[in-house]
Novice: 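Just dropping this structure here.
Not measured: the values here are computed from a predicted model. By convention in this document, chain letters (A, B, ...) are assigned in the order of the sequence lines, proteins followed by strands, and residues within each chain are numbered from 1.
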2 protein chains.
Amino acid sequence: MKIKEVATISGVSVRTLHHYDEIGLLSPKKSSDSGYRIYTDHDLSTLQQILFFRALDFPLKKIKEIMSDSHYNQLEALEMQEKLLLKQRQKLDEMLETIQKTIQNEKGVYQMSNNEKFKGFDFSHNPYEKEARQRWGDQKVDEAKQNAGNMTPGLQEEMNQIYRDLAEIRDIDPKSDQAQTAIQKWYEFLNQHFTTYSPESFQGLGMMYVQDDRFTKNIDQFGEGLASFMSAAMFEFGKNH
Amino acid sequence: MKIKEVATISGVSVRTLHHYDEIGLLSPKKSSDSGYRIYTDHDLSTLQQILFFRALDFPLKKIKEIMSDSHYNQLEALEMQEKLLLKQRQKLDEMLETIQKTIQNEKGVYQMSNNEKFKGFDFSHNPYEKEARQRWGDQKVDEAKQNAGNMTPGLQEEMNQIYRDLAEIRDIDPKSDQAQTAIQKWYEFLNQHFTTYSPESFQGLGMMYVQDDRFTKNIDQFGEGLASFMSAAMFEFGKNH
DNA sequence: CTTGACTCTTACGTTACGTTATACTTTAGT
DNA sequence: ACTAAAGTATAACGTAACGTAAGAGTCAAG
């Protein structure tokens, strides 16, 4: 298929497809004689994936990073995307509530507090950030970013050990028993020393590992790709608990 | 309230508030001695409005234009926003369906067409554009943009007359009987000579008049503010039919 | 074989802020 | 009253994800 057709089917502009080619996000083969971009069905599926991520406000850079990761698994990605979309729908519903209350407020039927006026407006661009901040406590998140500043040395070492153990096996299947056992240690560690994570919010935390650079960078210090491995393992863990 | 507090309550950054001040979208009073921005409760409500529009992907320029219009009515705006949010939720639901089908497709349970892969992805940034395009037919929309090219001169004149009549009364209340009678002529004209509009899609068309520059500019040639007047009148008309 | 519709690359423009940098103000603690 | 910390101001450059326009080659229908 040529570019216009792809644009029409998918609803994005030709320029957008050019752009995605430029940044290496979606680079179709080029007809050797004309130089035209030729998109295959597989390219279309990739585009669909990209658009799903984009709809969830992932920056293109992150999308590229995630999708070109060696552990990338389309099915898992789709399941994550579904979760995130559901979150987004919740936010939308909150906004609708807020708007309805505001209408009542305007009509004088109901009196709204300032805080209520902004319920549903989560502009962190990351559906899990707020949640994670609440759980880790604001400092903790900021410190995790700066390499977990104020833990006791013993705790810090215990944590590092878990990371190192995970880093060693980061090439196996995140769904395998071995990976799941290892990630369970992480789950238990967090539950013991930080806050109680439900399996669901543990999944959410895992998603942040790939979404949020502050996490990705820190974790990947123990081995490149560890964040994405842990994220996948945590997602799987959440499904089974 | 000082800027940080507003930022915290509303969830936007301080920089964003600075920016909105810079472009004249939300300019609070400044403390005469310190030079600090002081936000009132009214400013907060304005901010809420801005954020609603922003959540609906209105560009800031448009938001400013709409909100500073002399006909601007907060209650009407809220009702429009509610409608648009509901539209957006529909889209989200479609996307969720698409994702679920894609998962089935990946698992091999179900075979998906290329078109199906992108259902729910409407990236026109304007929930009504697609709809309007379908109704007017693609050419018509593009021609409306270029001043309605290929109508018969008679029809063109009839249309212009309706515009002129509306322009003359554009300062009265869009909800008044007089305005509603005038807008009904427009409704009937469209239904006779173009496509059948349901009251709902007539509302949608009206929303485009303020959202989409191609419409705004053309319509406002008959008098500044006509587009916004018609939009409000059409919205009201839709509610009563 | 000629158009009109596509396509290519190049390159500058735009929107909505993020991110320093530097300097003044306010507030909380001693 | 004094000082550090936190908040605020302006200024200015940076960035992300395309839009838009220009100039030139390519393809498909009549």
Novice: Can you check the A:Tyr20 OH to D:dA16 C1' distance for me, whole Å?
Specialist: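 So the OH-C1' distance, A:Tyr20 to D:dA16, works out to 11 Å.
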Novice: How many whole angstroms separate atom CG of A:Leu51 from atom C1' of D:dA17?
Specialist: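 For the pair A:Leu51 CG and D:dA17 C1', the rounded distance is 13 Å.
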Novice: Taking side-chain contact (heavy atoms from CB on, under 4.5 Å) as the definition, give me every residue that meets it alongside B:Glu224, ordered by chain and number, with sequence neighbours left out.
Specialist: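 So B:Glu224 forms no side-chain contact (heavy atoms from CB on, under 4.5 Å) with any residue.
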Novice: Salt bridge between B:Lys62 and B:Glu65, side-chain N to carboxylate O under 4.0 Å?
Specialist: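 Looking at B:Glu65 together with B:Lys62, the answer is yes, because their closest N to O distance falls below 4.0 Å.
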Novice: Name the first nucleotide and the last nucleotide along DNA chain C (5' to 3') that come under 4.0 Å of a heavy atom in chain A.
Specialist: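 Nucleotide range in contact with chain A: C:dC6 to C:dA11.
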Novice: For A:His71 and A:Arg170, does a side-chain donor sit closer than 3.5 Å to a side-chain acceptor?
Specialist: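 Side chains of A:His71 and A:Arg170: no pair found under 3.5 Å.
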Novice: Show each protein N/O and nucleotides 8-12 of chain D N/O combination with a separation under 3.5 Å, one pair to a line.
Specialist:
residue	atom	partner	partner atom	Å
D:dT8	OP1	B:Ile3	N	3.3
D:dT8	OP1	B:Lys4	N	3.1
D:dT8	OP2	B:Lys4	N	3.2
D:dA9	OP1	B:Arg37	N	2.7
D:dA9	OP1	B:Arg37	NE	3.0
D:dA9	OP2	B:His18	NE2	2.8
D:dT10	OP1	B:Lys30	NZ	2.2
D:dT10	OP2	B:Arg37	NH2	2.2

Novice: Is B:Lys119 salt-bridged to B:Glu97, going by a charged N under 4.0 Å from an acidic O?
Specialist: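 No.
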Novice: Assess, by modelled atom type and distance only, whether the side chains of B:Thr102 and A:Gln48 contain a donor and an acceptor separated by less than 3.5 Å.
Specialist: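 Yes - a donor-acceptor pair under 3.5 Å links their side chains.
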Novice: In whole Å, what is the span from the CG atom of A:Asp213 to the P atom of D:dA16?
Specialist: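 The distance from CG of A:Asp213 to P of D:dA16 comes to 11 Å, rounded to the nearest Å.
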Novice: Work out how much the helix from C:dC1-D:dG30 to C:dT14-D:dA17 bends between its end axes, five pairs an end, to the nearest 10 degrees.
Specialist: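 Axis angle across the helix from C:dC1-D:dG30 to C:dT14-D:dA17, nearest 10°: 30°.
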Novice: Please enumerate all residues that pass side-chain contact (heavy atoms from CB on, under 4.5 Å) together with B:Lys29, with sequence neighbours excluded.
Specialist: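 Per chain and number, B:Lys29 pairs via side-chain contact (heavy atoms from CB on, under 4.5 Å) with no residue.
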Novice: With sequence neighbours excluded, what pairs up with A:Glu82 under the salt bridge (Lys or Arg N to Asp or Glu O under 4.0 Å) test?
Specialist: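 With sequence neighbours excluded, A:Glu82 shows a salt bridge (Lys or Arg N to Asp or Glu O under 4.0 Å) to no residue whatsoever.
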Novice: Judged by modelled atom types alone, do B:Asp33 and B:Ser31 share a side-chain donor-acceptor pair under 3.5 Å?
Specialist: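 There is such a pair (donor and acceptor under 3.5 Å, judged by atom type) between the side chains of B:Asp33 and B:Ser31.
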Novice: May I ask you to say whether B:Glu22 pairs ionically with B:Arg15, meaning some side-chain N is under 4.0 Å from a carboxylate O?
Specialist: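 The answer is yes: the pair qualifies as a salt bridge.
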Novice: With a 6.0 Å cut-off on the ring centroids, do B:Phe52 and B:Phe58 count as close?
Specialist: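 Ring centres of B:Phe58 and B:Phe52 not closer than 6.0 Å.
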